[in-house]
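What follows is one structure encoded as structure tokens, with my remarks underneath.
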Amino acid sequence: IGCETACLVLQLQTVTLIPGDGIGPEISSAVMKIFEAAKAPIQWEERNVTAIKGPGGRWMIPPDAKESMDKSKIGLKGPLKTPIAAGHPSMNLLLRKTFDLYANVRPCVSIEGYKTPYTDVNLVTIRENTEGEYSGIEHVIVDGVVQSIKLITENASRRIAEYAFEYARNNQRASVTAVHKANIMRMSDGLFLRKCREVAENFKDIKFTEMYLDTVCLNMVQDPTQFDVLVMPNLYGDILSDLCAGLIGGLGVTPSGNIGANGVAIFESVHGTAPDIAGLDLANPTALLLSAVMMLRHMGLHGYGKKIETACFDTIRDKKVLTKDLGGNSKCSEFTAEICRRVQDLD
Amino acid sequence: MTARSICSLSRALKAVWSDRLALSAAARVHGAASCNQRHKSTYTSIPPPARYGGRHTVTLIPGDGIGPELANHVRELFRFCCVPVDFEVANVDSSLASEDDINNAIMAIRRNGVALKGNIETNHNLPPSYKSRNNLLRTTLDLYANVMHCQSLPGVRTRHKNIDILIIRENTEGEYSSLEHENVPGVVECLKIITRPKSLRIADYAFRTARERGRRRVTAVHKANIMKLADGLFLECCKEVASGYPEIAFDSMIVDNTTMQLVSRPQQFDVMVMPNLYGNVVSNVCAGLVGGPGLVPGANYGEDYALFETGTRNTGKSIANRNIANPTAMLLASCLLLDHLKLHAYASMIRRAIISTVTEARLHTADLGGQGSTSEVVQSIMKAIQSTGPMTLSI
């Protein structure tokens, strides 16, 4: 740790910060305060990503946001609201398409001090984010018959499998499990499974298993400790990652990261914008904070990441200063101040 | 047969007949709609199959893994209780690519109208044109409704208590349409089909069942924010049907939120209706919440046929032939079968004995955290039945 801080002590790294809507701005400023207290070498560049109509009538994110991301390669994003009937697709979809964010990574670790019926959960769900059931290709064939197309391609499957195994190797995880339904969807999930098997050949140090989606669900709610890294196509990933988030306490405490091509990575909180408590200093910044910690680890700043994470978990475990959704009645600023204090104490 | 057992047998038959007459009288007086005792199978319009010589014939498909041993236990138990059911065994070999086995089984089910089955393994070494046999059975016989009742059982230790969820899953279309093609090498399309008639049918089934069983709320599970047309159509059909059942509350929930709610607060759900794949996920999550795959039975109903099996449809290859499988799910499925055949007295008797055995922790099998064996559990059930009255053969 000492060597690391010596090497990077004067090397500020830029991160594009997208505060988002609703409670987004307040939790983003909370995270910035905590990073300042930890003296992390991060320089924030705030950008807004309201969709604008570009040349040719296609919706796109503002060019300065794109430019900032392309330069810094790392982003931290708060919750974005999707206005209904605004004419443009959801912002999350737009970001995903712009930066080709193909992997959604959600580490789910039980938080000491935030009690749920499940203890000792420690798994990671890696979900293919670009194709599968969410290709958006649907049509009405005749009146009353609708067809939705699930697309599985060799390249996307190989790419996500490679990412999963690399993640496992870089984070000292012992096994990777491919989740599928190849007994029913023989060709599509069969292709996904074949690619996973092929990639597993190159990573002999990691144990590879395959399990049906229903078996995973069944075993997950009985004994989540048997799972390590899970890799799967889009829809199963959506369901399973939310299932695992529910095991550790919900979206308010779950970090999430999206990895894209060309080294781009955007880390985000996956909860909603909570418009009813926006601006009232009641929000819980834990999800965004843990996503920021994930970001630090991705950037190689493990020391700072551990420090901030420890401070956050200690605060929650102590139960003296907690926001309303965690069972306490402190304000967001008080919670943030407590974490800052602990971070400084840890130095 | 001794005179004593003949007397007891005739007493038993009289009990059964008087039960039937009382039931039909009750039905005439109160009307079928208000007959909401949960174990009566009035939720299908299928008439009871014909009884030749007073006995029903039921097709039995043992399947793979733990299927054959559980099927034997069912037969053993039925023989012990003198249940008037004969099994016609139709074996399906999962290692062969030919369709003869499964066609014979389907023909047998068409003939008998009712079946009990274990899960048939899908061999991945065969080419993709080989369809899952289980799926083939469901689609060919048009068993459109899969019904799974997940209830917390006393004596089974789980993280959540007081769960009582009825899951109704569309069984024939959706993501399981098995329509796939490879456009160019490396690009595969899989079609998910949602049709209006089938969605209306399953929604109507769900609301009718909810009404018959005195349930208050039906929740439709979907992903219409992403699959706007497909799940949008499903949701629309559910809303349409809901308007015809004003006494039952209707709401909807997105599938990922549903799984999150299920692991934090499953008590909020009553009846759930959903397309095929989400049904697969939700029913497995609920089965896990109430104690695992060894406890929950499943039923598949169609217009003309009914098929009973374990709820989570596992082959249990790793525990096959070791006498450690939990027979509860299969035996409860056989009780659902008896209810369907209107043999309610036998069904209640066997079900009572099974529940009393499950509450005894000493007899829990490995999946419930105990060390009991399958045969011990079945023996205990038979003892419990014998103690209730003289309707049985001696052990």
Side-chain angles (χ1 to χ4, degrees), chain A residues 82 90 116-118 133-141 143-155 157-158 181-193 212-223 234-236 238-247 249-251, chain B residues 121-122 124 127-132 134-135 158-160 175-176 178 180-182 185-197 223 226-233 255-264 277-278 280-289 291-293 312-314:
Chain A
T82 301
S90 88
T116 59
Y118 299 89
E133 297 81 348
Y134 293 1
S135 323
I137 314 171
E138 291 188 298
H139 15 265
V140 180
I141 313 221
D143 196 25
V145 179
V146 176
Q147 171 181 296
S148 174
I149 297 189
K150 161 177 166 165
L151 190 64
I152 300 278
T153 57
E154 195 177 324
N155 291 334
S157 305
R158 188 175 347 104
K181 263 218 89 59
N183 50 343
I184 303 288
M185 295 185 240
R186 306 292 312 277
M187 270 187 182
S188 34
D189 283 354
L191 175 60
F192 180 80
L193 209 52
Y212 288 139
L213 172 67
D214 40 8
T215 315
V216 172
C217 289
L218 188 60
N219 293 339
M220 182 73 77
V221 294
Q222 295 184 277
D223 180 26
N234 216 331
L235 175 67
Y236 313 152
D238 192 10
I239 300 177
L240 268 181
S241 57
D242 276 4
L243 178 65
C244 298
L247 296 177
L251 297 179
Chain B
E121 194 188 334
T122 305
H124 286 245
S129 52
Y130 172 89
K131 306 268 183 273
S132 153
N134 305 303
N135 204 18
T158 52
R159 290 183 176 87
H160 308 269
E175 299 83 348
Y176 288 27
S178 300
E180 298 179 292
H181 43 267
E182 191 160 9
V187 176
V188 176
E189 272 188 355
C190 174
L191 305 180
K192 161 180 168 165
I193 311 284
I194 300 277
T195 59
R196 197 178 173 71
K223 191 90 191 152
I226 305 283
M227 292 191 245
K228 298 189 169 74
L229 292 182
D231 285 350
L233 176 60
V255 62
D256 40 8
N257 190 18
T258 309
T259 50
M260 226 180 331
Q261 298 290 325
L262 276 171
V263 292
S264 38
L277 184 66
Y278 312 146
N280 186 254
V281 172
V282 170
S283 55
N284 275 274
V285 170
C286 292
L289 292 173
T312 49
R313 304 173 175 169
N314 307 99

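Numbers restart at 1 for each chain; the letters A, B, ... are given by sequence-line order, proteins then strands. Note that this is a predicted model, so its numbers are computed, not measured.
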Any chance you could measure B/I226, atom CD1, to A/L235, atom CG, to the nearest 0.5 Å?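 These two atoms lie 10.0 Å from each other.
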OG1-CD distance between A/T153 and B/E189, expressed to the nearest 0.5 angstrom
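Here the rounded value is 11.5 Å.
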If you define the side chain from C-beta out and look only at heavy atoms, does anything of [X] sit under 4.5 Å from [Y]?
X      : Y      : answer
B/T312 : A/D214 : no
A/I239 : B/T258 : no
A/Y212 : B/N284 : no
A/L218 : B/N314 : yes
A/V145 : B/I193 : yes
B/E175 : A/M185 : yes

Does any backbone or side-chain atom of B/H160 lie under 4.5 Å from a heavy atom of chain A? Answer side chain, backbone, both or neither.
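Side chain only.
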Proximity breakdown for B/Y130 and chain A, heavy-atom pairs closer than 4.5 Å =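 Both backbone and side chain.
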Query - Sole candidate of A/L247, A/T116, A/D242 that passes side-chain contact (heavy atoms from CB on, under 4.5 Å) when paired with B/V263 - result: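 Of the listed residues A/L247, A/T116, A/D242, the side-chain contact (heavy atoms from CB on, under 4.5 Å) partner of B/V263 is A/L247.
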Looking at chain A, which one of [options] has the largest number of heavy-atom pairs inside 4.5 Å, strictly under?
options                        : value
B/S264, B/P293, B/A287         : B/P293
B/S283, B/S178, B/A230, B/P185 : B/A230
B/K228, B/K192, B/E121, B/R313 : B/K192

Heavy-atom pair with the smallest gap, counting every atom of [X] and [Y]:
X      : Y      : value
B/M227 : A/S148 : SD-OG, 3.7 Å
A/L213 : B/L277 : CD2-CD1, 4.3 Å
B/S132 : A/N183 : CB-O, 3.6 Å
A/S188 : B/C190 : OG-CB, 3.4 Å
B/V281 : A/C217 : CG1-SG, 3.7 Å
A/M187 : B/E180 : N-OE1, 2.8 Å

Within the distance-only criterion (no hydrogens, no angle test), does the side chain of [X] pair as donor or acceptor with the backbone N or O of [Y] below 3.5 angstrom?
X      : Y      : result
A/E138 : B/L229 : yes
B/R159 : A/Q222 : yes
A/Q147 : B/L191 : no
B/R196 : A/D143 : no

Counting only non-hydrogen atoms closer than 4.5 Å, does [X] touch chain B with its backbone (N, CA, C, O), its side chain (CB onward), both, or neither?
X      : value
A/Y118 : both
A/L251 : both
A/L191 : side chain

Show, in sequence, the C-alpha distance, side-chain angles and deciding distance for B/N135 and A/I184, and conclude whether the side chain to side chain contact (heavy atoms under 4.5 Å, CB included) test is met.
CA-CA 8 Å; B/N135 204 18; A/I184 303 288; 4.2 Å; yes
Scored by heavy-atom pairs under 4.5 Å with chain B, the best of A/M220, A/E154, A/R158 is A/E154
Report task. Answer yes or no: is there an ion pair linking A/D238 with B/K223, defined by an N-O contact shorter than 4.0 Å? Result -> yes
